[in-house]
There are 2 protein chains.
Amino acid sequence: MAVRLDEIDLQLLTELQVDADRPNVELARLVGLSPAATLNRVRRLKEAGVITKIAARLDPGAAGFPLQVYVSVILARHEPRASKAFEDAVRAMPEVIAADWVAGEIDVMLLVVARDVAELQKVLTRLSTRGAQRLTTLLRLEELKPSSPLPVAAG
Amino acid sequence: MAVRLDEIDLQLLTELQVDADRPNVELARLVGLSPAATLNRVRRLKEAGVITKIAARLDPGAAGFPLQVYVSVILARHEPRASKAFEDAVRAMPEVIAADWVAGEIDVMLLVVARDVAELQKVLTRLSTRGAQRLTTLLRLEELKPSSPLPVAAG
DNA sequence: GATGAAATAGCATTTGC
DNA sequence: GCAAATGCTATTTCATC
């Protein structure tokens with residue numbers, strides 16, 4: 001937190017989450033500011049860490065990864081050392097494209113992509129040998145709701 | 001699939017997933033093409049649907065959403081009509097920032113953000129009254145591995 | 001069929017207000 | 001935050017491989 005965001009900042013954040021592939025002048029028009037002021041605000045939002053990055057989103061299937069799975073993990077041991085070892089292992093696995101520590105029935109939620117079942121199995125096996133006691137795999141079938149912007153604008 | 005991607009395309013995809021906030025001329029230098037050729041390739045990747053969009057990623061906490069939870073859902077009924085009703089309800093809930101149909105122990109995986117516990121409870125209650133038979137909530141504690149690019153480059 | 005080089009139009013970015 | 005000015009970039013065109 002620690003950052004004050006006014007209405008125009010929220011508007012900028014919404015627009016940039018929807019489509020950051022637009023010229024700054026268009027953004028400026030959308031929020032009713034001059035290009036210079038818009039540029040300054042966006043720069044401030046980046047420096048403040050509210051905007052963490054601007055990145056391309058790919059269609060995993062079109063990019064060669066027909067298998068996408070959520071993998072929930074219960075660790076065998078919960079000591080800091082074991083957790084750190086698991087963390088390092090996960091970070092070194094390129095097929096794991098995101099991972100979060102969570103509180104609830106499980107310890108970690110992973111998002112894994114694979115080119116085929118063999119590759120997926122390789123990943124799951126490696127997770128098992130790196131500290132995972134129990135793995136539950138959920139095959140992503142279809143998008144129910146596309147990745148949406150954080151509802152920053154008063155909703 | 002259906003799109004042929006050569007080495008340079010893969011390089012472009014990797015770079016754009018890491019940081020799409022760079023001038024085209026810099027991308028061109030990185031992949032060793034002229035700006036014009038680079039622009040053509042990127043445009044093709046967008047039109048082919050490999051790049052779905054270019055968007056800003058926010059820090060949810062910094063943007064005012066200290067609570068982020070994975071919510072797994074088992075539907076009460078699995079007829080198409082019930083599924084569709086649930087889908088419509090989810091799409092109308094701004095706090096649900098992503099949702100996927102999955103195969104496994106559950107039917108749907110949601111990612112929900114909230115400003116406080118009251119808002120989260122409101123969302124969970126609504127999901128229950130819109131077709132969810134069983135909800136399991138996992139509170140996101142900490143990022144274990146940041147959102148990473150699809151490992152498109154031979155790895 | 002895609003690339004590279006040159007040219008134009010448009011934008012990003014700075015400065016002064 | 002704005003307006004004007006500068007320098008650079010995106011984007012097109014066309015010749016080329």
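Proteins get letters first, then strands, A, B, ... in listed order; numbering begins at 1 in each. These numbers come from the heavy atoms of this one structure, side chains and all, not from hydrogens, waters or symmetry mates.
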Item to complete: Quick one: which residue pairs count as a salt bridge (Lys or Arg N to Asp or Glu O under 4.0 Å) with a foot in residues 23-43 of chain A, not counting sequence neighbours?
Response: A:D6-A:R41, A:D9-A:R41
Worksheet, complete the sentence: Contacts of A:R91 meeting salt bridge (charged side-chain N to carboxylate O under 4.0 Å, His left out) (sequence neighbours excluded), chain-then-number -> A:E87
Worksheet entry | Terminal axis angle for the helix from C:dG1-D:dC17 to C:dC17-D:dG1, five pairs an end, nearest 10 degrees | 40°
Practice prompt. Only counting residues at least two apart or in another chain, list the ones meeting side-chain contact (heavy atoms from CB on, under 4.5 Å) with B:A92.
Written response: none
Response to the item:
The correct set of residues in residues 5-19 of chain B placing a heavy atom under 4.0 Å from DNA chain D is none
Determine all donor-acceptor pairs shorter than 3.5 Å in which one atom belongs to a side chain in residues 136-144 of chain B; sequence neighbours excluded.
unit_1, atom_1, unit_2, atom_2, d
B:R140, NE, A:D100, OD1, 3.0
B:R140, NE, A:D100, OD2, 3.0
B:R140, NH1, B:Q68, OE1, 2.6
B:R140, NH2, A:D100, OD1, 3.2

Worksheet item: Can you list, by residue number, the residues of residues 26-35 of chain B that have a non-hydrogen atom closer than 4.0 angstrom to DNA chain C?
Response: B:L33, B:S34
Which atom pairs link the protein and nucleotides 14-17 of chain D when you take only N or O atoms and keep those under 3.5 Å?
none

Discussion item. Show every side chain to side chain donor-acceptor pair (under 3.5 Å) that has at least one partner inside residues 48-61 of chain A, sequence neighbours left out.
Written reply: A:R57-A:S147
Discussion item. For a 4.0 angstrom threshold against heavy atoms of chain A, report the outermost contacting nucleotides of DNA chain C in 5' to 3' order.
Written reply: C:dC11 to C:dT14
Fill in: Contacts of B:E105 that satisfy salt bridge (charged side-chain N to carboxylate O under 4.0 Å, His left out) - sequence neighbours left out
A:R134
Worksheet item: For B:E7, which residues count as a salt bridge (charged side-chain N to carboxylate O under 4.0 Å, His left out) partner, sequence neighbours excluded?
Response: none
